[in-house]
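Read through the structure below, which is laid out as structure tokens, and then see the notes.
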Amino acid sequence: MTRPATHIWRLLKWGRTLARHGALRGIERDANTPDPVKRLARIARFGTIQPKEPDYAGAFRAIGPAAIKLGQTLATRPDLVGDEAAHNLLSLQDSLPPVPFAQMRRQIESSFERPLEELFSEVDPDPVGAASIAQVHRAKTIEGRDVAIKVLRPGIREKFADDITTYEWAAAHLEALGGEATRLRPRLTIANFKRWTNSELDLRREAASASELADAMRGMEGYRIPSIDWDRTNGRVMTIEWIDGVKISDQQALIAAGHDMPDLARRLVLAFLTQAISGGFFHADMHQGNLFVQADGTIVAIDFGIMGRIDQRARQWLAEILYGLITGDYKRVAEIHFEAQYVPSYHSVDEFATALRAVGEPMRGKPVSELSVGQMLDGLFAITRDFDMQTQPHLLLLQKTMVMVEGIATQLDPSINMWETSAPYVRSWMRDELGPEAAIADRIRQDTQTLLRLPQLVRRMEEQFPAKGGAPDQPPLPDVELVWERSARKGGGVLSGWTGYVVAAIAGGGIVFAGSAMGWLG
């Protein structure tokens with residue numbers, strides 16, 4: 001177990017880095033920051049020269065790989081880090097200097113316990129991408145297929161484990177201070193961050209996620225997932241189909257290739273909605289570097305280390321919330337928040353509906369270039385404090401991905417209206433999932449499942465309360481207080497006072513009786 005002194009030393013060291021980038025000023029100025037945290041911030045920045053404008057992204061980049069991933073997570077939490085910091089962290093790119101290929105070669109060979117030449121006929125030693133967790137090399141299999149090899153950086157699992165332990169320690173102490181920190185639930189934020197990064201650090205999980213998403217999206221034209229080479233994939237190495245295409249961020253190349261930009265933007269939004277609302281399993285790292293457009297206009301996604309899941313009930317709530325905001329039915333949106341217990345019941349549904357109207361009404365009927373989903377989320381975060389809404393960690397990835405998708409769609413088509421694009425899809429899904437036919441089908445399915453579980457329930461009850469045997473019931477026995485229990489109740493020791501003699505007499509009598517029975521005493 002890591003000692004507290006180690007955690008404090010790491011936090012102070014990271015604090016110095018944050019201070020040199022001016023990233024502690026917001027913490028010190030925030031009225032909701034606990035006093036002990038403000039004091040630590042002042043200690044960390046003592047003697048540093050701070051820039052006029054804070055560079056949060058630069059600070060997290062300087063701290064290291066785990067901090068880069070944490071910074072990207074915190075970019076979804078303006079309620080926790082503030083609007084300025086969240087906006088700056090959205091620019092945090094997950095890139096680091098590459099590891100020499102000789103080290104990556106050893107990593108590949110040790111993980112497969114085979115020479116590299118038995119797996120690949122060619123491997124480009126210069127990586128096509130180097131991120132905080134892994135780097136990617138183009139290669140050709142011995143069968144002649146073009147592939148990309150993703151390899152974990154040596155020692156990265158151990159580095160992440162150490163840093164996350166300190167994040168957990170700091171979050172627990174912050175939450176224990178009470179007040180605003182308790183409502184924001186930083187421990188759950190770190191717990192979700194740990195779960196996401198642990199998935200990223202096992203490349204078999206990423207490969208499985210890509211395979212699952214490919215199955216779920218098989219019916220959607222113009223969007224696809226590369227295939228996995230399972231024979232060349234393990235926990236530290238993943239081999240995936242190589243994709244030739246234009247990065248979706250390269251607008252000039254897309255226009256030169258004759259692609260329909262508004263259609264690309266629309267298909268990207270619908271692909272996200274299909275994943276999140278229909279399937280409940282979505283690509284949660286849809287930044288510009290992870291999306292390509294092929295010659296035929298097909299959008300191809302890569303990098304499936306971060307995936308999000310939403311259960312059926314939460315998806316229904318989400319669809320109703322989106323549709324309510326689109327149509328201006330703020331009363332229904334407010335009711336859903338209370339049904340989902342996102343807002344405590346002691347608040348007023350009508351007052352919450354009015355607060356939602358103040359956020360949603362300015363958005364309706366306007367293009368994203370003027371008002372955006374991101375701005376709507378900022379507005380929603382602003383009212384969470386007034387209505388004592390606790391953070392919902394299962395929605396953090398969804399919020400982050402919505403902002404990413406909106407940003408890319410806006411660059412492809414500045415005039416796109418996210419509401420108008422989303423409304424037909426959400427309306428259709430709600431009709432299929434929440435309409436009368438769907439409600440009847442769900443009820444029949446649930447009742448049938450309940451009936452089928454009845455025999456198993458009866459068997460478990462019989463195991464818990466078995467049938468009586470042939471012997472008659474025994475009469476109830478009176479409660480008798482034992483001498484040592486009485487002595488303990490009165491505050492004495494087990495052998496204190498006269499009770500010691502009684503115990504000794506009983507014990508001695510037992511020994512004499514046993515000795516006689518065994519023939520030891522003539």
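Because the structure is predicted, anything quoted here is derived from the model rather than measured. Hydrogens, waters and symmetry mates play no part in the numbers below; they use all other heavy atoms, side chains included.
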For Q252, does the CD atom sit with more than 12 other heavy atoms under 6.0 Å from it, leaving out its own atoms? no

Should the pair F304 and H283 be assigned to parallel (<30°), tilted (30 to 60°) or perpendicular (>60°) ring geometry? tilted

Any non-hydrogen side-chain atom of D163 less than 4.5 Å from a side-chain atom of W14? yes

Close side-chain approach of F60 and L18, heavy atoms under 4.5 Å: yes

For a side chain to side chain contact (heavy atoms under 4.5 Å, CB included) check, start with the C-alpha distance between L356 and K331, then their side-chain angles and the critical distance, and finish with the verdict. CA-CA 9 Å; L356 288 171; K331 179 66 176 293; over 6 Å; no

Where do A334 and V349 come nearest, in terms of heavy atoms and distance? CB-O, 3.6 Å

Counting only heavy atoms not in E221, do more than 12 fall under 6.0 Å of its CD? no

As an exercise, state the distance from OG1 of T166 to CZ of R10, rounded to the nearest 0.5 Å. 3.5 Å

For the atom pair CD1 (I299) and CZ (R224), what is the distance rounded to the nearest 0.5 Å? 12.5 Å

Mind listing the closest non-hydrogen atom pair of I8 and W169 along with its distance? CG1-CH2, 3.7 Å

Test of understanding: with salt bridge (charged side-chain N to carboxylate O under 4.0 Å, His left out), list the residues that count as partners of R266, not counting sequence neighbours. D263

Side chain to side chain contact (heavy atoms under 4.5 Å, CB included), that's the test. Do K150 and I240 meet it? Break it down for me. CA-CA 8 Å; K150 185 173 184 177; I240 192 169; over 6 Å; no

Before giving the answer on side chain to side chain contact (heavy atoms under 4.5 Å, CB included), spell out for R157 and N198 the whole-Å C-alpha distance, their side-chain angles and the decisive distance to 0.1 Å. CA-CA 8 Å; R157 287 179 173 173; N198 283 344; over 6 Å; no

Donor-acceptor pair between R205 and S199 side chains, under 3.5 angstrom: yes

Does any non-hydrogen side-chain atom of P186 lie less than 4.5 Å from one of Y167? no

Donor-acceptor pair, distance only, cut-off 3.5 Å: does the side chain of N290 make one with the backbone of D285? yes

Evaluate the criterion side chain to side chain donor-acceptor pair (under 3.5 Å) for residue pair N192 and R195; output intermediate values, then yes/no. CA-CA 5 Å; N192 279 276; R195 180 168 55 84; 2.7 Å; yes

Steps toward side chain to side chain contact (heavy atoms under 4.5 Å, CB included) verdict (M220, L270): CA-CA 9 Å; M220 182 171 183; L270 292 179; 4.1 Å; yes

Within the side chain of R267, is there an N or O that forms a donor-acceptor pair under 3.5 Å with the backbone of G222? yes

Rounded distance (nearest 0.5 Å) linking atom CD of Q456 with atom CZ of R453: 9.0 Å

Any K159 side-chain heavy atom under 4.5 Å of R153 side chain: no

Between V300 and P226, is there a side-chain heavy-atom distance shorter than 4.5 Å? yes

So which heavy atom on G235 is nearest to which on L152, and how close? O-CD1, 3.9 Å

Between F352 and H337 (judged by ring centroids, cut-off 6.0 Å), do the two rings come close enough to count as a pair? yes

Spacing of CG belonging to L457 relative to CG belonging to L452, to within rounding of 0.5 Å: 13.0 Å

Flag side-chain contact, heavy atom, 4.5 Å: E200 against F160: no

Are the side chain of S278 and the backbone of Q275 linked by a donor-acceptor contact shorter than 3.5 Å? no

Nearest heavy atoms of A265 and D413, plus distance in Å: CB-CB, 3.9 Å

Please report the closest heavy-atom contact between L268 and A409, naming both atoms and the distance. CD2-N, 4.4 Å

To the nearest 0.5 Å, atom CG of D303 lies from atom CG of L291 at 10.0 Å

Please find the pair of heavy atoms, one from A301 and one from Y223, that lie closest to each other, and give the distance. CB-OH, 3.5 Å

Could you tell me if the side chain of M307 sits less than 4.5 Å from the side chain of E212, heavy atoms only? no

Verify the distance criterion only: is there a donor paired with an acceptor across the side chains of T298 and D296 at less than 3.5 Å? yes

Do I63 and K13 come close enough that some side-chain heavy atom pair is under 4.5 Å? no

Please report the interatomic distance CD1(I156) to OG(S132), rounded to the nearest 0.5 Å. 6.5 Å

